Number of protein chains: 2
Amino acid sequence: MNKMTTEVCTIKEMCDLYRVTPRTLRFYESKELLFPIREGQRRLFTRRDRARLKLILQGKRFGFSLENIRQLLNLYDIGDQQKTQLAKTYELATERLMVMVDQKNELTTAIQDLKEMLQWGEKILDSRGIKIEKQPKKRAGNNH
Amino acid sequence: MNKMTTEVCTIKEMCDLYRVTPRTLRFYESKELLFPIREGQRRLFTRRDRARLKLILQGKRFGFSLENIRQLLNLYDIGDQQKTQLAKTYELATERLMVMVDQKNELTTAIQDLKEMLQWGEKILDSRGIKIEKQPKKRAGNNH
DNA sequence: CATTACTATTACGTTAACGTCAACTATGAC
DNA sequence: GTCATAGTTGACGTTAACGTAATAGTAATG
């Protein structure tokens, strides 16, 4: 239609933009999460695909399964047409939120329990004159 | 030795005591997490096995992998003999704790983000006159 | 003796989300 | 032509922690 090639991007550009692998994008397409158009054989990802991918990655952060995300994206697409769809999306998100809150609570108590065990261990070690090396603030983003 | 059959218990008794399946116990044995003695073919779980199983289940709560738990149990068994082993256990637990804290933080922000999305959704739904059914406080501990 | 209740071993199935590899195709540079 | 680069499809591999048969043995009970 026009020359704005930034309207679509290749698989590699997508990978660089969103830090995913080609395999991931093809996988998402096979799962009907993305619908890149084809230029011959090649995939070209549109603005819509980019928007969807953003939502997919967000969804993963929230712990939704890909299948769940697919459903949510479909509801999104239908959009305003059916009110009930929006409510359904809301409901799914609410359920997910409750699960996450539960997980957080479990994690909180588990952390507490483990901390107590560690304190107990410190006493034992200390009573035997073993020194505890305090971890030197492990660096995040360590490339192996 | 004596008549106290409560010293050891059968696989079924173990299952009832710790709410696991026979498959799980056999699996743990195959992974060298448990070492039941044999009466002919049958497995008999000793006090030691019960203690280990308790620790295994605790470890799972903390998110340790079974392989990790196996190593920890081995260190436990060796016990006082080698000081370094205790320190190693302590170290592993500390690492695990840090991972858990990270997870909790991620979960906390994810929850926050999702809550914001939900509030946004509520406004949209509200502006369209769609009523939101507040979940009737889902019951925890629901035995299916 | 037959049935029922447990148990054992072996081995393949499950789930999610990709990774890895092989074999091919298409395109542009030189 | 041919080398390099990027892309494609297809299919099998991976990981964890068991689940699920299928088959067989053993023991107590009626």
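Just so we're clear, the structure is a prediction, and the values are computed from it rather than from any experiment. Lettering follows sequence order; numbering is per chain, from 1. Any value given below was found using the heavy atoms of this structure, including those in side chains, with hydrogens, waters and symmetry copies removed.
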For this session: Establish, from distance only, whether the side-chain atoms of B/Thr108 and B/Asn105 form a donor-acceptor pair under 3.5 Å.
Result: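 Absent: no donor and acceptor within the cut-off.
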Taking 4.0 Å as the cut-off, does a side-chain nitrogen or oxygen of [X] come that near to OP1 or OP2 on [N]?
{"X": "B/Lys60", "N": "D/dC18", "value": "yes"}
{"X": "A/Thr24", "N": "C/dG19", "value": "yes"}
{"X": "A/Thr10", "N": "D/dA6", "value": "no"}
{"X": "A/Arg26", "N": "C/dA17", "value": "no"}
{"X": "B/Tyr28", "N": "D/dA17", "value": "no"}

Tell me: [atom1] of [X] to [atom2] of [N], nearest whole Å?
{"X": "B/Ile69", "N": "D/dC18", "atom1": "CD1", "atom2": "P", "answer": "9 Å"}
{"X": "A/Leu34", "N": "C/dA17", "atom1": "CG", "atom2": "C1'", "answer": "14 Å"}
{"X": "A/Leu25", "N": "D/dG7", "atom1": "CG", "atom2": "C1'", "answer": "13 Å"}
{"X": "A/Asp16", "N": "D/dT5", "atom1": "CG", "atom2": "C1'", "answer": "15 Å"}
{"X": "A/Glu39", "N": "C/dT27", "atom1": "CD", "atom2": "C1'", "answer": "11 Å"}
{"X": "B/Glu29", "N": "C/dA8", "atom1": "CD", "atom2": "C1'", "answer": "11 Å"}
{"X": "B/Ile56", "N": "D/dC18", "atom1": "CD1", "atom2": "P", "answer": "10 Å"}
{"X": "A/Leu33", "N": "C/dA17", "atom1": "CG", "atom2": "P", "answer": "9 Å"}

Exercise. Stepwise, does the side chain to side chain contact (heavy atoms under 4.5 Å, CB included) test hold for B/Leu44 with B/Arg38?
Worked result: CA-CA 6 Å; B/Leu44 290 180; B/Arg38 297 302 180 105; over 6 Å; no
Exercise. Which part of the nucleic acid does A/Lys31 contact within heavy-atom distance under 4.0 Å: base, sugar-phosphate only, or nothing?
Worked result: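 Touches nothing.
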Exercise. Across the strands shown, which category fits A/Arg43 at heavy-atom distances under 4.0 angstrom: base, sugar-phosphate, nothing?
Worked result: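 Sugar-phosphate contact only - A/Arg43 comes under 4.0 Å of backbone atoms but never of a base.
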Exercise. Does A/Gln41 or A/Phe27 map to a spot on DNA chain C nearer the 5' end, using the closest nucleotide for each?
Worked result: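 Taking each residue's closest nucleotide, the earlier one in sequence belongs to A/Phe27.
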Problem set entry | Closest listed nucleotide, where the reference is the side chain of B/Ile11 and the choices are D/dT9, C/dA8, D/dG19 |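 The listed nucleotide nearest to B/Ile11's side chain is C/dA8.
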Problem set entry | Nucleotide of D/dA6, C/dT9, C/dT7 approaching A/Arg42 most closely (side-chain heavy atoms) |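 From the listed options, D/dA6 comes nearest.
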Exercise. Does a distance-only test, which skips hydrogens and angles, find a donor-acceptor pair under 3.5 Å between the side chain of B/Arg23 and the base of D/dG19?
Worked result: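 Result: at least one qualifying N/O pair found.
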Problem set entry | A/Arg61 atom CZ, over 12 foreign heavy atoms within 6.0 Å |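 Atom CZ in A/Arg61 is crowded, with more than 12 foreign heavy atoms closer than 6.0 Å.
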Problem set entry | Among B/Ile69, B/Leu72, B/Thr24, the one residue meeting side-chain contact (heavy atoms from CB on, under 4.5 Å) with B/Ile56 |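 One option only clears the test, and that one is B/Ile69.
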Exercise. Between the main-chain N or O of A/Leu92 and the side-chain N or O of A/Glu95, is there a donor-acceptor pair closer than 3.5 Å?
Worked result: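 Not at all, since once roles are kept as given, no pair shorter than 3.5 Å links the two residues.
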